[in-house]
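Here's the structure we're looking at; comments come further down.
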2 protein chains.
Amino acid sequence: MVPIARRHHETDDMNLKQFAELAGVSTATASRALSGTGRVSEETTTRIAALAEKLGYQPNAIARNLRTQRTMTVGVLVPMGHDALQHLSDPFFNTMIGFLADALVEHGYDLLLSRVLPDDERWLDRYIGTGRVDGLLVIGQSDQYHVIESVARRYRPMVVWGGQMPGQRHCAVGSDNFRGGVMAAEHLIARGCRLLAYAGPRQGVEFGERLAGVRAALAAAGLPDPIELPSHFEPDAAYRDLAAHLGNLATMPDGIVAGADVTAASMLKALAEMGCDVPGTMRVIGYDGLPIAGHLVPALTTIDQQLREGARIMVDLLMRRIAGEEAASVRIEPRLLLRQST
Amino acid sequence: MVPIARRHHETDDMNLKQFAELAGVSTATASRALSGTGRVSEETTTRIAALAEKLGYQPNAIARNLRTQRTMTVGVLVPMGHDALQHLSDPFFNTMIGFLADALVEHGYDLLLSRVLPDDERWLDRYIGTGRVDGLLVIGQSDQYHVIESVARRYRPMVVWGGQMPGQRHCAVGSDNFRGGVMAAEHLIARGCRLLAYAGPRQGVEFGERLAGVRAALAAAGLPDPIELPSHFEPDAAYRDLAAHLGNLATMPDGIVAGADVTAASMLKALAEMGCDVPGTMRVIGYDGLPIAGHLVPALTTIDQQLREGARIMVDLLMRRIAGEEAASVRIEPRLLLRQST
DNA sequence: CCCAACTGCGCAATCGTTTACTCAGTTGTC
DNA sequence: GACAACTGAGTAAACGATTGCGCAGTTGGG
């Protein structure tokens with residue numbers, strides 16, 4: 001039979017059979033010696049290991065994956081409407097992905113960033129169906145809550161960054177957004193603010209809860225509802241939104257809760273260009289606790305979601321679920337990260 | 001034979017054989033119908049496609065990969081000393097990875113972020129040897145130049161973000177760092193600066209070339225060499241470095257070239273806390289052109305490396321190399337991105 | 001001395017696809 | 001009417017590993 005089209009490039013095209021032959025043992029023994037599993041004599045093991053090192057032989061991962069039915073790879077998805085991957089440049093996702101990568105690596109797993117277009121109801125099924133990953137980490141429920149929920153019924157090894165609704169089936173890790181909203185508002189009130197604004201995107205459960213928290217804290221303090229300054233997610237658009245809002249306001253607030261640190265950054269920029277002093281005339285608090293927030297001018301006070309810790313928890317839960325154990329959702333306590341903008 | 005350990009979780013555990021049986025055809029025909037390759041009648045093709053949709057059957061990607069010897073996956077590596085993945089939270093890498101993901105997705109490739117510890121000379125060989133990826137994108141040559149160079153001799157499908165040295169074997173895409181340094185310095189000089197400082201990390205070829213460019217431009221203008229303010233890469237450490245430097249300076253410069261936008265951000269913060277007005281008393285220019293730089297206060301003037309474009313080029317070159325064609329290095333022309341900090 | 005237990009290793013099945021080759025039936029051409 | 005060309009579909013051999021089971025040789029206990 002004529003050889004079929006082969007890999008185009010190879011550093012060393014040796015397979016286990018050839019290697020075993022060179023080593024003078026069977027493929028079974030070679031495999032066991034290299035993986036350190038099964039009964040192989042000490043001597044044979046070291047001899048084979050040395051030969052592998054010398055020849056630069058490494059077992060093919062794909063074949064191993066097929067046989068063992070494990071890929072040691074975890075998929076990371078960011079389901080955000082049509083242009084999902086565009087948003088990978090968003091600092092929040094970036095940061096999250098970085099932290100997840102750190103945590104996954106510690107468990108020996110790789111991280112696969114894939115194309116997913118939430119165009120129909122079955123995008124998640126299609127992604128899982130190909131069997132390329134051992135588990136799934138989803139960053140944000142976005143508007144795909146019901147899809148995630150329905151998949152979670154049959155597919156266990158999945159952990160989602162996001163909120164927990166009553167009766168929710170899928171495993172989620174996320175900060176208590178309502179509580180965070182309360183904390184942000186309370187902080188501004190304690191600083192003497194009497195009229196707050198909430199700036200941020202409208203879509204997404206998280207943002208709704210944060211706003212609700214702000215509202216609740218204001219009500220509890222006997223203060224008026226917040227002015228709402230809706231904005232896009234994408235920084236440039238958000239900046240334009242916010243600058244326009246600020247120009248149109250009848251009465252200026254004396255404190256602003258931003259739905260996210262990136263929104264707060266856009267807000268700081270718009271305020272600076274209006275000549276509005278922060279925190280003198282206006283106090284601004286963000287939400288997320290991204291590392292970069294500490295490097296804005298003025299350094300941003302923010303509600304810290306403890307993303308690094310959150311990523312670690314997500315991965316831990318996922319490992320448990322991959323192992324077949326149960327693992328319940330975890331709610332992270334938000335913390336006030338006090339800096340100069342308030 | 002007792003079934004061996006199987007995948008723990010499966011949404012639908014059907015294989016081609018079972019599916020074909022249900023469809024009343026051979027596995028060959030089913031496979032061909034689903035992949036749209038080979039001679040299958042129009043009628044059979046649509047019938048099988050419909051059945052697959054109905055049953056939610058999808059061919060196993062791992063098996064396909066093994067058979068076709070292609071994974072449709074590209075590895076992305078960031079070789080940076082021991083704590084490689086720690087640096088994934090760095091805005092530069094984040095941004096780059098986001099852009100690369102965008103570009104790869106357009107070609108139908110996935111992106112694999114993996115553990116690589118450049119602990120010995122063979123880390124790259126080991127990574128390639130397992131055959132999990134069709135190609136490799138390396139972000140930054142760092143101190144692994146010779147390793148990359150030696151691997152490039154045998155392994156073709158690899159493209160590196162970084163500089164081009166004379167006689168270099170591996171394919172690199174990167175901006176002309178010397179030229180960028182010249183541009184940055186010339187801009188500050190045109191703005192009236194007479195004593196410049198260069199702030200940035202010491203390691204890395206890129207930074208050395210940028211500094212050399214600054215030096216050359218100053219020399220050409222008959223101005224003194226730049227004051228050097230070395231700093232760490234990591235933002236918090238960089239901030240401390242720079243604040244300390246500024247406190248110790250005998251004579252203050254009137255313009256600063258930062259080796260990277262993140263360094264410029266730290267610098268802006270340190271200057272703001274000294275009460276130094278930018279751009280009034282001190283002009284600051286960054287390097288990279290990260291989206292976030294436009295959202296600093298004041299918005300950062302910077303040398304734009306055109307990372308989005310660069311990522312697209314890297315992926316294009318890689319696709320060509322995967323296809324077995326030749327593809328030479330590309331040098332990107334840096335551009336001045338004029339904003340408020342100068 | 002016998003039988004069981006253990007050790008070290010090899011045989012061959014298996015994971016789930018793709019695809020070269022084969023083959024029967026149909027059509028077209030001289 | 002013979003023969004070539006084409007169509008549509010099936011058979012079975014890969015791809016490169018892991019691993020259940022079997023087997024020969026050794027050890028040990030009763």
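Chain naming here is simple, since letters A, B, ... match the order of the sequence lines and numbering starts at 1 in each.
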Open item on the list: Between B/R47 (side chain only) and B/A23 (backbone N and O only), is there a donor and an acceptor less than 3.5 Å apart?
Closed with: yes
Open item on the list: What is the distance, to the nearest angstrom, from the CD1 atom on B/I48 to the P atom on C/dT17?
Closed with: 14 Å
Task: Donor-acceptor pair between B/Y57 and B/Q18 side chains, under 3.5 angstrom - done: no
Task: Base D/dT18 paired with A/R67 side chain (donor-acceptor, <3.5 Å) - done: yes
Open item on the list: Whole angstroms only, please: what is the CG-C1' distance between A/N65 and D/dA17?
Closed with: 10 Å
Open item on the list: salt bridge (Lys or Arg N to Asp or Glu O under 4.0 Å) for A/R122 and B/E53? Distances and angles first, verdict last.
Closed with: CA-CA 10 Å; A/R122 302 172 68 161; B/E53 173 72 14; 3.3 Å; yes
Task: D/dT18 OP1/OP2 closer than 4.0 Å to side-chain N/O of A/T68 - done: no
Open item on the list: Using whole Å, what does the distance between atom P of nucleotide C/dT14 and atom NZ of B/K17 come to?
Closed with: 9 Å
TODO: Return the value, rounded to whole Å, for the distance between atom CZ of B/R64 and atom C1' of C/dT19.
DONE: 13 Å
TODO: In plain terms, say whether B/R320 and B/D316 are close enough for a salt bridge, that is, a side-chain N and a carboxylate O under 4.0 Å apart.
DONE: no
- [ ] Could you check A/T27 against B/A28 and say which one's nearest nucleotide on DNA chain C is further toward the 5' end?
- [x] A/T27
Task: Whole-Å distance separating the CG atom of B/N15 from the P atom of C/dG16 - done: 5 Å
Open item on the list: For C/dG16 and B/Y57 - does any side-chain N or O of the residue sit under 4.0 Å from the phosphate oxygens OP1/OP2?
Closed with: no
Open item on the list: Using a 3.5 Å distance criterion without hydrogens, assess whether the side chain of A/T71 forms a donor-acceptor pair with backbone atoms of A/R132.
Closed with: yes
Open item on the list: Rounded to whole Å, how long is the line connecting atom CD of B/E21 with atom P of D/dT11?
Closed with: 12 Å
Task: Student check: side-chain heavy atoms of B/I62 and A/I62 closer than 4.5 Å - done: yes
Open item on the list: Just the rounded figure in Å: distance from C1' of C/dG16 to CG of B/L34.
Closed with: 13 Å
Open item on the list: Donor-acceptor pair, distance only, cut-off 3.5 Å: does the side chain of A/R64 make one with the backbone of B/T130?
Closed with: no
Task: Distance test, side-chain N/O of B/Q18 to OP1/OP2 of C/dG16, below 4.0 Å - done: no
Open item on the list: Please determine whether a side-chain nitrogen or oxygen atom of B/Q58 lies at a distance below 4.0 Å from atom OP1 or OP2 of C/dG16.
Closed with: no
Open item on the list: Can you measure B/N60 atom CG to D/dA17 atom C1' for me and round it to whole angstrom units?
Closed with: 14 Å
Close N/O contacts between protein and nucleotides 3-9 of chain C (under 3.5 Å):
unit_1: C/dG8; atom_1: N7; unit_2: A/R39; atom_2: NE; d: 3.3
unit_1: C/dG8; atom_1: N7; unit_2: A/R39; atom_2: NH2; d: 3.2
unit_1: C/dG8; atom_1: O6; unit_2: A/R39; atom_2: NH2; d: 2.8
unit_1: C/dC9; atom_1: OP1; unit_2: A/T44; atom_2: OG1; d: 2.7
unit_1: C/dC9; atom_1: OP2; unit_2: A/S41; atom_2: N; d: 2.9
unit_1: C/dC9; atom_1: OP2; unit_2: A/T44; atom_2: OG1; d: 3.4
unit_1: C/dC9; atom_1: N4; unit_2: A/R39; atom_2: NH2; d: 3.3

- [ ] For B/A30 and for B/L66, find the nucleotide of DNA chain D with the closest heavy atom, then tell me which residue's nucleotide is more 5'.
- [x] B/A30
